[in-house]
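Only one structure is covered here, and it is reproduced in the block below.
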Amino acid sequence: MNKDPFYFMKIAYELAIECEQENEVPIGAVVCKNNLIIGKGFNSPISTSDPCSHAEILALRSAGKTIGNYRLNGAVLYVTLEPCIMCYSAAVHARIDKIFFGASDPKSGIFSTGVFKKIKHVFNHDIEVESGIFAEESSELLKRFFKDRRGRD
């Protein structure tokens with residue numbers, strides 16, 4: 001059965017919900033190749049004391065271990081929030097073919113901030129990018145998370 005991007009983004013969104021239950025900023029990611037999930041991850045910099053433990057990085061690491069290679073040619077990354085520059089750069093190094101992301105991130109997203117336009121010449125690999133799938137749900141999840149945290153302070 002050929003699964004569409006909504007199928008994989010729903011799984012990334014479910015990972016974001018799981019992440020929220022761990023009191024981490026709720027972002028989930030999956031890496032797929034040949035219509036199969038080869039890597040999963042959700043944000044965990046707080047619990048791991050690791051600033052690099054973004055959902056995308058963990059999903060890419062998981063995928064690399066699954067296939068036994070850091071090159072993920074032909075793979076697609078699905079993530080609930082627009083990647084930051086670190087995560088996009090990691091996807092370039094992994095040779096990801098395409099990124100689907102849900103919500104835009106005007107504070108630190110590589111595209112929404114305009115950073116990509118300024119530095120795209122430094123990347124040696126092009127990634128097709130599509131946004132908007134599960135955008136509203138992902139955005140609402142993040143807004144609720146931060147609202148709840150502010151309410152606790």
Side-chain angles (χ1 to χ4, degrees), residues 3-16 18-20 22 24-143 145-146:
K3 299 167 186 129
D4 68 14
F6 291 94
Y7 174 84
F8 294 113
M9 191 59 91
K10 184 176 188 297
I11 294 169
Y13 179 74
E14 289 167 355
L15 286 166
E18 185 179 340
C19 179
E20 179 184 35
E22 300 291 325
E24 297 275 0
V25 177
I27 303 166
V30 297
V31 177
C32 303
K33 186 171 180 174
N34 300 325
N35 219 25
L36 298 172
I37 294 174
I38 60 171
K40 294 180 181 180
F42 61 72
N43 251 23
S44 61
I46 298 167
S47 63
T48 62
S49 300
D50 179 357
C52 297
S53 288
H54 289 200
E56 301 96 321
I57 299 294
L58 298 177
L60 291 169
R61 285 179 183 160
S62 174
K65 287 180 183 174
T66 297
I67 67 167
N69 195 335
Y70 75 103
R71 295 279 195 222
L72 303 173
N73 298 78
V76 178
L77 172 64
Y78 297 86
V79 61
T80 57
L81 184 66
E82 177 182 354
C84 68
I85 190 170
M86 174 183 72
C87 293
Y88 183 84
S89 296
V92 167
H93 289 291
R95 300 299 190 261
I96 291 291
D97 278 7
K98 185 166 186 172
I99 296 173
F100 286 92
F101 70 85
S104 294
D105 185 355
K107 290 185 179 179
S108 61
I110 189 166
F111 305 106
S112 295
T113 60
V115 169
F116 182 76
K117 288 181 183 178
K118 294 176 183 175
I119 65 168
K120 66 182 177 182
H121 66 280
V122 304
F123 296 116
N124 62 349
H125 173 72
D126 291 326
I127 300 176
E128 186 180 346
V129 178
E130 187 173 325
S131 64
I133 301 174
F134 270 80
E136 188 173 322
E137 297 90 340
S138 298
S139 179
E140 287 304 315
L141 181 62
L142 286 159
K143 286 176 188 174
F145 174 80
F146 287 113

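No experiment lies behind these values; they were computed from the predicted model shown. Heavy atoms only: backbone and side chains are in, while hydrogens, waters and symmetry mates are out.
Remark: Phe123 CZ is packed, more than 12 non-hydrogen atoms of other residues, nucleotides or ligands lying under 6.0 Å away. Within 6.0 Å of CG on Asn34 lie no more than 12 heavy atoms contributed by other residues, nucleotides or ligands. Residue Lys33 places its NZ atom among more than 12 non-hydrogen atoms of other residues, nucleotides or ligands, all under 6.0 Å distant.
Each ring pair (Phe, Tyr, Trp, His ring centres under 6.0 Å) pair with one or both residues in residues 33-74, not counting sequence neighbours, would appear here, but there are none.
With contacts defined as side-chain heavy-atom distances shorter than 4.5 Å, the pair Met86/Cys52 qualifies. A heavy-atom distance below 4.5 Å is not found between the side chains of Ile96 and Glu128.
When the side chain to side chain donor-acceptor pair (under 3.5 Å) test is applied to Ser53, the partners found at least two apart in sequence or on another chain are Thr48, Asp50. With sequence neighbours left out, Asp97 forms a side chain to side chain donor-acceptor pair (under 3.5 Å) with no residue at all. Qualifying salt bridge (charged side-chain N to carboxylate O under 4.0 Å, His left out) partners for Glu136, counting only residues two or more places apart in sequence or in other chains: none. Applying the side chain to side chain donor-acceptor pair (under 3.5 Å) test to Ser112 and every residue at least two apart in sequence or in another chain returns Glu82. Looking at residues two or more places apart in sequence or on another chain, you find no side chain to side chain donor-acceptor pair (under 3.5 Å) involving Lys40.
Judged by distance alone, with hydrogens and angles left aside, the side-chain atoms of Asn43 form a donor-acceptor pair with the main-chain N or O of Ala55 at under 3.5 Å.
Taking the six-membered ring for Trp, Phe134 and Tyr78 have ring centres at least 6.0 Å apart.
Considering CD1 of Ile38 and CG of Leu60, their distance stands at 9.0 Å, rounded to 0.5 Å. Here Phe101 contributes atom CZ and Ile27 contributes atom CD1; the two are 12.5 Å apart, rounded to the nearest 0.5 Å.
Heavy atoms only, all atoms of each residue included: Ser104 and Leu81 are closest at O-CD1, 3.7 Å. Closest heavy-atom contact between Cys19 and Pro26: SG-CA, 3.8 Å.
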- What's the verdict on ring-ring contact (aromatic ring centres under 6.0 Å, His included) for Phe8 and Phe100, showing C-alpha distance, side-chain angles and the deciding distance? CA-CA 10 Å; Phe8 294 113; Phe100 286 92; 9.2 Å; no
